[in-house]
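All remarks here apply to the structure that follows.
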Amino acid sequence: MKVVVCVKQIPDPALPGELDPTTNLLKRDGKLILDESDSYGVEMALQLVEAAGGGEVSLVSMAPNNEMSGLRTALAMGADDAILVSDENLAGTDALGTAKVLAAAIGRLSPDLILAGVESSDGYTGTVPEMIAGVLDLPSVTFAKQISIDGDTVKAQRQTEAGYDDIECKLPVLLSVTAGVVEPRYPSFKGIMAAKKKPVEALDLQALGIESNTVGVVGARQETIRVTEAEERESGEIIEDDGDAHQRIAEFLGELKVV
Amino acid sequence: MSLNTIMVFAEGDESGPTTLTLELIRAARGVAANVEAFVLDDGSSMAESLGDHGVSKIHAMGGAEGKLVGAHAAALMADLVVSNLPDAVFFGQTPDGRDTAARLSVRLDQPVITNNVGVTVEDGVLVLEEPVFGGTQNIFTAFRNDGASLALFRPKSFEAESIGGAIAEVSVLEGADPGNSGTAIVTGRVIEERSGPQLDSAAVVVSGGRGLGQPEAYELVDELAGLLNAASGASRAIVDAGWVPYSKQVGQTGKVVKPSLYFACGISGATQHLVGMKGSKVIIAINKDPEAPIFSVADLGIVGDVHKVMPALIETLKAT
Ligand SMILES: Cc1cc2nc3c(=O)[nH]c(=O)nc-3n(C[C@H](O)[C@H](O)[C@H](O)COP(=O)(O)OP(=O)(O)OC[C@H]3O[C@@H](n4cnc5c(N)ncnc54)[C@H](O)[C@@H]3O)c2cc1C
């Protein structure tokens, strides 16, 4: 079985995010790491391949400056190889443009299964996986929280607002995986060493046959026209509990007429 | 200056449209002269309620009949958008709303702007407002495309408003077939916990987080919620850990709540949690860390241990 996992490399979410004052785009020039949202897709792919008794897990990522530290993390977890798409014309690419690029890269691999995170931690549009399926004219199951493969059929639970739906679909299919569905493994020392030698194919737009005006800022066809500070919510009364804070809460609830 | 026509992707069931659908209609009415809607059945069940809120015409797409909604709806919608040329299509940020907008975006080759909480028209184009960095800043983005603009809106961003409009005219959409993209089928449907006050509509919400320490301690949240006639919610940390189902998650990837009172117990107040509850009228927080970010939005903050404060509060409330 051949599985492709889409992975995004993002600025460390533990650090405060910042917009570039001239372009109003999220700054991405520092070191990038594997988006935690995607580590679930990588783990799921590794488990599905193990359950199927063998196969291959390939990664696909689009990132500025041939950045691959996040890819190396996913390779260290156990993925076999990767395609990295980098091109200066990709700056400012929106969700649809990203999907066009990733779909073109995935198309070279003819996978049985494509996995992605439901949404990235930094952009969180939650639309890219479904758009990739659209570009490739494939069926999809978004918000998948459990996945199993039975012959040429995928069975998945798709999270809904009220619970979940059971879904079945024939391969090839794309699934977006919710966070928390599996426990992403930590790369072992051996895995980290092995990852350094795993093949990463670097491609640009020309190699993918994509016109540069269909992606990037031009292809996005949208413009951030201003950024404002939101109104701050004032914090109120903060008290230390010395054993009677519950009485202050009860009083407060009384003032609010909740009790 | 307002736009001509905005079409709204309506969601709902036999009992009528969702509140989010009615909020989208309100948003569309604010910027366009004419509002129409796509509905996933024969249209009759919503003609009255959508009309009452200002929809002139319903485009009935039929049920998805055991298929996933996104691919099915987008195929039908694409043809109509190409022939009728609305200025924009609005979607609610739900799983089906996102899927449908994404599929439609590919079919029409038009951009989608997501996570919006506001909309205006400036110089004749749609401008959307999206909160970023946990709602500390707002970005305003203008479409620069030719053709229909696609936008997804977060729940509770607009106030639904009935305007006494006439029953909407229903026209049936036929023809388009999603082909291979529509071959995923729904074989079963599981509804988790639908009894008691619901998270997105309850006047009071009590939520618990990792500070509860262990899954059993969530009973404190349920008990307090019961006493306050509240819905119970959760941070993602304890949803991911499997303590409670996803349907209880509040935040960026969960539900947006705006109750009169939000009670956060053992929740740190990460930006992704705050965007889902910051609009609450009053916030009470219990956290043992005086530096926890949740205190910066709390009207009453208790620096203390949930295992001491919550049981004592529950006893006090029971006694009154
Ligand atoms: C893309 C993305 C989307 C996300 N979406 C969401 C979302 O929708 N909703 C969401 O909630 N999170 C979301 N998160 C996760 C978010 O960043 C936080 O990790 C999460 O909210 C933390 O949950 P928590 O507050 O329960 O846990 P923690 O951050 O671990 O906080 C636990 C708190 O409990 C306190 N505490 C510990 N013991 C006690 C005690 N005995 N008594 C009192 N207090 C105690 C601690 O001081 C601490 O502040 C998202 C993250 C990403 C990257």
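Just so we're on the same page: letters track the sequence lines, and every chain starts at 1.
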If you define the side chain from C-beta out and look only at heavy atoms, does anything of [X] sit under 4.5 Å from [Y]?
X: B:Pro111; Y: A:Leu96; value: no
X: B:Val186; Y: A:Asp166; value: no
X: B:Asp305; Y: A:Asp241; value: no
X: A:Thr160; Y: B:Arg189; value: no
X: A:Arg221; Y: B:Asp146; value: no
X: B:Leu300; Y: A:Ile249; value: yes

Measure distances from [X] to the heavy atoms of chain B and classify the residue's part below 4.5 Å as side chain, backbone, both or neither.
X: A:Leu256; result: side chain
X: A:Phe252; result: side chain
X: A:Glu119; result: side chain
X: A:Ala133; result: both
X: A:Ile132; result: neither
X: A:Val173; result: neither
X: A:Asp137; result: both
X: A:Leu253; result: side chain

Heavy-atom closest pair, residues [X] and [Y]:
X: B:Asp109; Y: A:Lys100; answer: OD1-NZ, 2.9 Å
X: A:His246; Y: B:Thr316; answer: CD2-OG1, 3.1 Å
X: B:Phe133; Y: A:Glu18; answer: CZ-N, 3.5 Å
X: A:Gln222; Y: B:Thr141; answer: CB-CG2, 3.9 Å
X: A:Thr125; Y: B:Arg98; answer: O-NH1, 3.4 Å
X: A:Val141; Y: B:Ala184; answer: CG2-CB, 4.4 Å

> So B:Val204 and A:Val258, side chain to side chain contact (heavy atoms under 4.5 Å, CB included) or not? Walk me through it.
Replying inline: CA-CA 8 Å; B:Val204 180; A:Val258 174; 4.1 Å; yes

> Looking at A:Gln157, A:Lys145, A:Glu240, A:Met131, which makes the most heavy-atom pairs under 4.5 Å with chain B?
Replying inline: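 Option with the greatest count: A:Met131.
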
>> Out of A:Lys170, A:Gln247, A:Gln159, return the one with the most heavy atom pairs under 4.5 angstrom to chain B.
In response: A:Gln159

Side chain, backbone, both or neither: which part of [X] has a non-hydrogen atom closer than 4.5 Å to chain A?
X: B:Ala142; answer: both
X: B:Ile283; answer: both
X: B:Thr253; answer: both
X: B:Leu261; answer: side chain
X: B:Gln110; answer: both
X: B:Pro290; answer: neither
X: B:Arg107; answer: neither
X: B:Ile139; answer: both
X: B:Leu317; answer: side chain

Euclidean distance, [Y] [atom2] relative to [X] [atom1], rounded to 0.5 Å:
X: A:Phe143; Y: B:Asp99; atom1: CZ; atom2: CG; answer: 6.5 Å
X: A:Glu130; Y: B:Leu68; atom1: CD; atom2: CG; answer: 8.0 Å
X: B:Thr187; Y: A:Lys155; atom1: OG1; atom2: NZ; answer: 8.0 Å

> Are A:Ser140 and B:Arg103 linked by a side-chain donor-acceptor pair shorter than 3.5 Å?
Replying inline: yes

Without placing hydrogens or testing angles, list every side-chain donor-acceptor pair under 3.5 Å for residues 228-238 of chain A, not counting sequence neighbours.
residue, atom, partner, partner atom, Å
A:Glu229, OE2, B:Gln137, NE2, 2.8
A:Arg233, NE, B:Val297, O, 3.0
A:Arg233, NH1, B:Lys278, O, 2.8
A:Arg233, NH1, B:Ser280, O, 2.5
A:Arg233, NH2, B:Ser280, O, 3.3
A:Arg233, NH2, B:Lys281, O, 2.9
A:Arg233, NH2, B:Asp299, OD2, 2.8
A:Glu237, OE1, A:Arg248, NE, 3.4
A:Glu237, OE1, A:Arg248, NH2, 2.9
A:Glu237, OE2, A:Arg248, NE, 2.8

>> Any salt bridge linking B:Lys308 with A:Asp242? Criterion: basic side-chain nitrogen under 4.0 Å from a carboxylate oxygen.
In response: no

> Quick one: does B:Lys255's side chain have a donor or acceptor within less than 3.5 Å of a partner on A:Glu161's backbone?
Replying inline: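 The answer is yes, because a donor-acceptor pair under 3.5 Å joins these two groups.
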
>> Any side-chain to backbone donor/acceptor pair from B:Asn115 onto A:Tyr124? Under 3.5 Å, distance only.
In response: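 A pair under 3.5 Å: yes.
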
> What are the residues of residues 177-186 of chain A, in order of number, with any heavy atom under 4.5 angstrom from a heavy atom of chain B?
Replying inline: A:Ala179, A:Gly180

>> Which one wins on heavy-atom pair count under 4.5 Å against chain A: B:Thr94, B:Val282, B:Ile286?
In response: B:Val282

>> Could you walk me through whether A:Thr127 and B:Thr114 satisfy the side chain to side chain contact (heavy atoms under 4.5 Å, CB included) test, starting with their C-alpha distance in whole Å, then the side-chain angles of each, then the deciding distance to 0.1 Å, before giving a yes or no?
In response: CA-CA 9 Å; A:Thr127 52; B:Thr114 39; 3.9 Å; yes

